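See structure below.
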Amino acid sequence: MQIDVLTLFPQMFAEPFNIGIFKRAVENGLVSLRTHDIRDFTHDKHNVADDYPYGGGSGMVMKPEPIFEAVESVKDEIKNGDVPVILLSPQGRLFNQSIARELSNHENLILICGHYEGVDERVSSHLATDEISIGDYVLTGGEIPAMVVIDSVVRLIPGVLGSEDSPLDDSHAHGLLEYPQYTRSAEYRGMPVPEVLLSGNHAQIAKWRREQIIRRTLERRPDLLDKADLSGEEKKYAEKLMTNRSRLNSDREP
Ligand code: 9D3
């Protein structure tokens, strides 16, 4: 996969993607990341990429011309008529794992990072094919959101993760939270590892983990439980927890 990022701050992308899994993926020819400075596509002598908003108001707006020309220049190079052109913006659809999976199937991605108070609307209406937000909090620009998208998409490309850490495992909990994990020592500062994990009884351990997954998800992310497809046994356990919860009005173990 080739990823082209359009930004006013290309330096921001240098370090994070030159490390670990991503670095290895680049070395193995599985992914290539290029950044393009939007300022390089301005035509005035001061390389101005923003301007005052029509109709007044505070803050500056990113001009459309350099962004259109940067995208056209990348498109001419990559010759892929099917490339998603993604504007990172607070107005975008909320990013999630299923969007990451969908994007990971493309050979090319073009990401546009906005800054200032926003981007001329013609970029989203006539240039971008998709507009993505990473959540309901205010950031200073689209660079970190672009990195979030890149990180989550690249790890889904076949061969990027080692076989022992396959993204297929992501779905083993069916979109639920994970069970608690422990490593040595069996007791640390008076905090013990749950007895069952030391028992060597693999059937009991598997049952405990499945129960923990449901217990935690019910407690912390009930929205995920609504969408999950649970087995009959898991549904029964979830219902048992819920009835006990309402009866005891307590977070303690029933
Ligand atoms: C004036 C109102 N502001 C919107 C709340 C304007 C504004 C704030 C921050 C416009 C752009 C930005 C910069 N943020 C992004 O470009 C951005 C973003 C974000 O702030 N949160 C979550 N996802 C994203 S994707 C791009």
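The figures here come from the full heavy-atom set of this structure, side chains too, leaving out hydrogens, waters and symmetry mates. First listed ligand is number 1; within each ligand, the first listed atom is number 1. These figures come from a predicted structure and were not determined experimentally.
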Please list the nearest protein heavy atom to [atom] with its residue and the distance rounded to 0.1 Å.
{"atom": "atom 25 (S) of ligand 1", "answer": "S89 N, 3.4 Å"}
{"atom": "atom 23 (N) of ligand 1", "answer": "I134 N, 3.1 Å"}
{"atom": "atom 17 (C) of ligand 1", "answer": "P90 CD, 3.7 Å"}
{"atom": "atom 8 (C) of ligand 1", "answer": "V138 CG1, 3.7 Å"}
{"atom": "atom 1 (C) of ligand 1", "answer": "E117 OE1, 3.1 Å"}
{"atom": "atom 22 (C) of ligand 1", "answer": "G135 O, 3.1 Å"}
{"atom": "atom 12 (C) of ligand 1", "answer": "L139 O, 3.7 Å"}

What are the atoms of ligand 1, with element, lying closer than 4.0 Å to any heavy atom of [X]?
{"X": "I132", "result": "25 (S)"}
{"X": "G142", "result": "15 (C), 16 (O), 26 (C)"}
{"X": "P145", "result": "24 (C), 25 (S), 26 (C)"}
{"X": "T140", "result": "13 (C)"}

Quick check: are there more than 12 heavy atoms from other residues, nucleotides or ligands sitting under 6.0 Å from [atom1] of [X]?
{"X": "E15", "atom1": "CD", "answer": "no"}
{"X": "I144", "atom1": "CD1", "answer": "no"}
{"X": "E195", "atom1": "CD", "answer": "no"}
{"X": "R122", "atom1": "CZ", "answer": "no"}
{"X": "D136", "atom1": "CG", "answer": "no"}

Contact check, side chains of E219 and R245, non-hydrogen atoms, under 4.5 Å: yes

Same apolar cluster (I L V M F W Y, side chains within < 4.5 Å links), V196/L241: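 They do not share one cluster, since no chain of ILVMFWY contacts under 4.5 Å joins V196 to L241.
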
Heavy-atom protein neighbour under 4.0 angstrom from atom 4 (C) of ligand 1: no

Short side-chain to backbone donor-acceptor contact, S73 and E69, under 3.5 Å: no

Donor-acceptor pair between R216 and Y179 side chains, under 3.5 angstrom: no

Contact (N/O only, under 3.5 Å) between Y137 and ligand 1: yes

